[in-house]
Trainee: 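Pasting a structure below so you can have a look.
All residue numbers refer to positions in the sequence shown, counting from 1. Only this structure's heavy atoms are used, side chains among them; waters, hydrogens and symmetry mates stay out. Both counts, for ligands and for their atoms, begin at 1 and track the order of listing. Note that the structure is predicted; figures quoted are calculated from it, not measured.
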Amino acid sequence: MKKNLYKVLGLASLLAFGQSAVAQQTYEFTLDAKKVGAPIQSTMYGLFFEDINFGADGGLYAEMVKNRSFDFPQELMGWYTFGKVEVRKDNPPFDKNPNYLVLSNPGHVHKHTGIENEGFRGMGFKKDATYRFSVWAKKVNTMEDQKIRIEFINPKDEIIGSQELVINSSDWQKHQVIITAKVTEEKGRLRIFSTSKGAIAVDHVSLFPTDTYKGRENGLRKDLAQALTDITPGIFRFPGGCIVEGTDLDTRYDWKKTIGPVENRPVNENRWHYTFTHRFFPDYYQSYGLGFYEYFLLSEDMGAEPLPVLSCGLACQFQNEDQHAHVPVSDLAPYIQDALDLIEFANGTVTSAWGKVRADMGHPEPFNLKFIGIGNEQWGEEYPEHLAPFVKEIRAKYPDMKIVGSSGPSADGKQFDYLWPEMKRLKVDLVDEHYYKEPDWFFKNAARYDNYDRKGPAVFAGEYASHDHSTGKQNNFLSALSEAAFMTGLERNADIVHMCTYAPLFAHVDAWQWCPDMIWFDNLRMMKTPNYYVQQLYAQNKGTNTMTLLWSDKKAVTWQENLYASAVYDKGQNCYIVKVANTSTEAKNVKITLTGAEKNTVFTVGDCIVIKNNDLKAINTLDTPTNIIPEKGTAAIDGNILNIQVQGQSFGVYKIKL
Ligand code: AHR
């Protein structure tokens, strides 16, 4: 398996270092260049997005105003008011978000009427950056034009940006103005007040940076969306997670409410606002400004296949032990219709009913949806019972659509063992597995898929993350290293594992419910965790075909000797890419012999990238975001032998060019 090479240091060295001879062991692998294995799916590494931890509203979705349409159940949550402010809902401009405000100003020079929004744990303003303020407004019972002043405020109540708007119509109209921030402020607020005698009605008060991802008005925070794009994901699963299911059926994610004009997308309670009583977020709602159309657009922008997940008629089973939150199978027709309509929305021609809705929103070309998930973490007999009619109807209308089923909330146990055979029976295309486990589990499970049944559905590792409970589940280097080691097993089994996505993706440092998470942010900055870089290293080096890496005695490489390794071939780059994780503290000499190559093949070393840390508890923070980042690595080639000194506690990607 391995060969001990005892190299006695020369006398000079011994004298120089004043130490005795050191035994150096070499770990030898072989890679048979002739045996190009199974294709690796373009979807192999991707992203799972859920509006948890203020990931959408207050996060990726660049809207800075919380409760912009005053339609939270506590109508003025997030707002401070002064002067005479009334909440009204008679003749609203947007029937699905009926509340609006009337601000009345008596016209006394020392009296003002206005409102102030606190944002999502503040609003982040950047010096000299510009922001698009918009509001739907009309003057009320007056012929006089009305004026409002819009101000950015810092915590000392200083004005750090302002503009005026004239409201000159008695009909609802959208008004907008661009405002420049004079200074950088993380915890800013937005203040609006009337400066003329009379009354105005306002609704859908909105503020976005002008510099959003791809410059879209209803856009995404550029730094966060770019971080996602930089992973080069192949698949994008959305919108959750438990959020798909809802705490009850009324609050499940209903995609049809998330499309069309943003002003008329009804606010929904976020399932995460009271999930953990020790992390209680009663102001957590979904504006649906980031809705299914925007998710499809983002998938397209990132070059990832979209994978929407829909409710199967079972509200969150963690939160509903009895049956009252479950739709009887006989009543599933509208849910199934939602799935069929979604496929038409994504792929239908512009003359189809739902294809036209997509085209009217600005995307006449289809989104080429190929995958659909039905149900999130469902379990028990009711799940296959509910899933079966979806499979039947989707197959009948869209035989090429790939359907993703669930294996429950855990990667093992009673539910898992029951559901896998059920998924096979129902002939879903992929089975979604979720595992949130200790680092040790990841280290010990790198061979998890080596003996999986190759004839059934493929695997989608749809939610996984290493949870180091000893450090409060931080995104520390240990968690990242254990994921990197485990993922050699995903890669080795890419014939059966077709997708994998870390979870969850985002967390606001002041408003998170769940950790660890791949990317942390505040209102100005973001930080990529070591776990992010591991995902990125895999995704950017996924290759096109699996290759078999063996120990020199022909045994498969899984997780012996604290070494985890896998290899792929990349057709486009004509290179082999070897990934090695060393989980011990010592450096290890690894030698990979390439056998079976055509005569005269010349191998050279390509890019090598390594992420490492001597401290397994080390983390990145917003203040020290580059504490742990990938660095250039080295390897040497000698004919057909690649020599790598794999550093202790490291994960590296090594390219061998042909
Ligand atoms: O990723 C966080 C949650 O974990 C998801 O919403 C759910 O699917 C799982 O339980």
Trainee: Against heavy atoms of E377, which atoms of ligand 1 measure under 4.0 Å?
Mentor: 7 (C), 8 (O), 9 (C), 10 (O)
Trainee: Once you measure the plane-to-plane angle for F486 and W441, does it fall in the parallel (<30°), tilted (30-60°) or perpendicular (>60°) bin?
Mentor: tilted
Trainee: Between Y452 and W420, how do the two ring planes meet: parallel, tilted or perpendicular, split at 30° and 60°?
Mentor: perpendicular
Trainee: Testing F367, F345, W354, F238 for ring-ring contact (aromatic ring centres under 6.0 Å, His included) with F292, which one passes?
Mentor: F238
Trainee: What do we get for Y502 next to ligand 1 when only non-hydrogen atoms under 4.0 Å count, side chain, backbone, both or neither?
Mentor: neither
Trainee: Could R68 and D57 be called an ion pair, given the rule that one side-chain N must be under 4.0 Å from one carboxylate O?
Mentor: no
Trainee: I'd like to check whether F318 has a polar contact with ligand 1, where a contact means an N/O of the residue lying under 3.5 Å from an N/O of the ligand.
Mentor: no
Trainee: Could you tell me whether N376 approaches ligand 1 through its side chain, its backbone, both or neither, with non-hydrogen atoms closer than 4.0 Å?
Mentor: side chain
Trainee: So which heavy atom in the protein is nearest atom 1 (O) of ligand 1, and how far is it from that ligand atom?
Mentor: Y436 OH, 2.7 Å
Trainee: Below 4.0 angstrom, N of the basic side chain to O of the carboxylate: do K473 and D468 qualify?
Mentor: no
Trainee: So, D429 side chain and I403 main chain: donor-acceptor pair closer than 3.5 Å or not?
Mentor: yes
Trainee: May I ask you to identify the nearest protein heavy atom to atom 6 (O) of ligand 1, giving residue, atom name and distance to one decimal place in Å?
Mentor: E50 OE1, 2.5 Å
Trainee: Looking only at distances, please establish whether an N/O atom of ligand 1 is found under 3.5 Å from an N/O atom of E463.
Mentor: yes
Trainee: Below 4.0 Å from any atom of ligand 1, is there a heavy atom belonging to G240?
Mentor: no
